[in-house]
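Below you'll find the structure, written out as structure tokens, and then a few comments.
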Amino acid sequence: MRKLKQVNHLMGLLRPAVEDVQARHPNAVMVDAGSGNAYLGFVLYELFLKGSASGTLLSIEGRPDLTERAQGRAQRLGFTRMQFQTAHIDTAQYPERIHLLMALHACDTATDDALVAAIRHGADHVAVVPCCQAEVAAQLKEKRPVVASSGSMSLLYAHAWHRREFGSHLTNVIRALTLEAFGYQVTVTELTGWEHSLKNELILGRRVHRENRRARMQLERLLAETGVNPKLTRELGVKPAVSAAVETVSAPEPDVSEEASEHVVAR
């Protein structure tokens, strides 16, 4: 029921995007990246594609048992324009043109893979709900960057718990800013109530330009000032600004409380 509430609420937020691509593209191509059991795709098909004469929905999932199960369900329901592919998001074979790409709780860098696919295939609309962001937190632990003009910044993530939370927030800020840099108008909002999911941040993007140079410069400076370079920016060739004054200091040895905290989270 929690998952159904999340999906139904997301459908309400996605309605303007779906109606937009259906109105402008007779054979709209929609992609559910990291679809799992494809609950999101089935609800979307029922609401928007079942009564339409055209349009396809491609569900991409790396676990073959889930793909097989969803495919059988689609056949029983008569959802003939619902397609399935067993592949990881970063190695999937995407249509040349995507009009809407969704990724609900694609774990860690899988959300980055979904965003890369959306940008490279010219998606008109993007909707991602990130999950389990760990890559940037690991980079913060390794590098402990300190901005020369603001040496206290590293205090924001000196402790393991803060580093995970700050790393998660920084990851999503970079994702939103990357979409802006590549021409998207971005909205960041809450998916549903916190009682239903702790992974609750929804990033919506609508492509309005080919690029946004101001956002690109801001993104490059942010990478330089924080000393991180996540998979999303690496894949898209975005590099830290070389002019930003950044001092990198060696990370001190973790204290016992930090190691214990990280051990508890790992369990």
Side-chain angles (χ1 to χ4, degrees), residues 29 31 33-34 58 60 62 85 87-103 106-148 153 157 166-188 201 203-248:
V29 177
V31 174
L58 171 62
I60 297 173
Q85 183 181 152
H88 295 293
I89 299 176
D90 58 342
T91 59
Q93 298 297 313
Y94 291 93
E96 182 177 349
R97 180 75 162 86
I98 296 173
H99 300 104
L100 167 65
L101 185 139
M102 310 165 291
C107 192
D108 198 17
T109 58
T111 295
D112 294 328
D113 296 329
L115 292 174
V116 169
I119 292 170
R120 287 178 174 170
H121 293 272
D124 299 79
H125 294 271
V126 182
V128 298
V129 180
C131 181
C132 304
Q133 303 92 318
E135 182 191 30
V136 166
Q139 292 181 4
L140 290 172
K141 179 181 180 181
E142 178 183 353
K143 298 182 179 180
R144 301 284 177 93
V146 178
V147 181
M153 182 172 177
Y157 46 87
F166 180 77
S168 177
H169 179 66
L170 178 58
T171 300
N172 288 342
V173 169
I174 290 173
R175 286 167 173 164
L177 197 52
T178 299
L179 284 172
E180 290 183 15
F182 283 87
Y184 287 82
Q185 183 181 70
V186 176
T187 300
V188 181
E201 185 171 343
I203 303 174
L204 296 169
R206 175 174 176 266
R207 193 175 61 163
V208 294
H209 306 291
R210 289 183 60 86
E211 62 179 5
N212 183 328
R213 294 184 180 180
R214 180 173 178 272
R216 176 70 175 248
M217 292 177 61
Q218 292 175 328
L219 175 60
E220 291 172 349
R221 286 191 59 84
L222 179 62
L223 296 176
E225 291 172 359
T226 57
V228 302
N229 192 13
K231 186 176 183 180
L232 176 62
T233 52
R234 297 196 309 270
E235 288 289 324
L236 294 173
V238 180
K239 298 180 180 180
V242 295
S243 60
V246 177
E247 175 189 356
T248 301

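Because the structure is a prediction, the values reported are computed rather than measured.
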* Asked: Are Leu170 and Leu222 side-chain neighbours, meaning at least one heavy-atom pair lies under 4.5 Å?
  -> yes

* Closest non-hydrogen atom pair, Glu135 against Asp112 -> OE1-OD2, 4.1 Å

* Asked: Quick one: does Arg175's side chain get under 4.5 Å of Val128's, heavy atoms only?
  -> no

* Does some side-chain heavy atom of Asp124 sit less than 4.5 Å from a side-chain heavy atom of Arg97? -> yes

* Roughly how far apart are Thr109 OG1 and Asp90 CG, rounded to 0.5 Å? -> 7.5 Å

* **Heavy-atom side-chain contact between Asp113 and Lys231 under 4.5 Å** => yes

* Asked: Between Lys239 and Leu223, is a side chain to side chain contact (heavy atoms under 4.5 Å, CB included) present by the stated rule, with each step listed?
  -> CA-CA 7 Å; Lys239 298 180 180 180; Leu223 296 176; over 6 Å; no

* To do: Ignoring hydrogens and angles, tell me if any N or O in the side chain of Tyr94 forms a donor-acceptor pair with the backbone of Ile89 under 3.5 Å.
  => yes

* Using the test side chain to side chain donor-acceptor pair (under 3.5 Å), find all partners of Glu211 that sit at least two apart in sequence or belong to another chain. => Arg213

* To do: Identify, with sequence neighbours excluded, every residue that meets side chain to side chain donor-acceptor pair (under 3.5 Å) alongside Asn229.
  => Thr233

* Considering only heavy atoms from C-beta outward, does the side chain of Leu58 approach that of Val29 to under 4.5 Å? -> no

* Asked: Counting only heavy atoms not in His121, do more than 12 fall under 6.0 Å of its NE2?
  -> yes

* To do: Check whether any side-chain heavy atom of Arg216 sits under 4.5 Å from a side-chain heavy atom of Val238, and report yes or no.
  => yes

* Please tell me if the side chains of Pro230 and Thr171 come closer than 4.5 Å, counting only heavy atoms from C-beta onward. => no

* Spacing of Glu180 atom CD and Gln185 atom CD [to the nearest 0.5 Å] -> 9.0 Å

* Can you find a pair of side-chain heavy atoms, one from Ile203 and one from Leu179, that are under 4.5 Å apart? -> yes

* **Separation between CD of Gln93 and CD of Glu96, rounded to the nearest 0.5 Å** => 12.5 Å

* Please work out whether the ring planes of Phe166 and Tyr157 are parallel, tilted or perpendicular, with thresholds of 30° and 60°. => parallel

* To do: Give me the one residue out of Leu177, Leu219, Leu115, Ile119 that meets side-chain contact (heavy atoms from CB on, under 4.5 Å) with Phe182.
  => Ile119

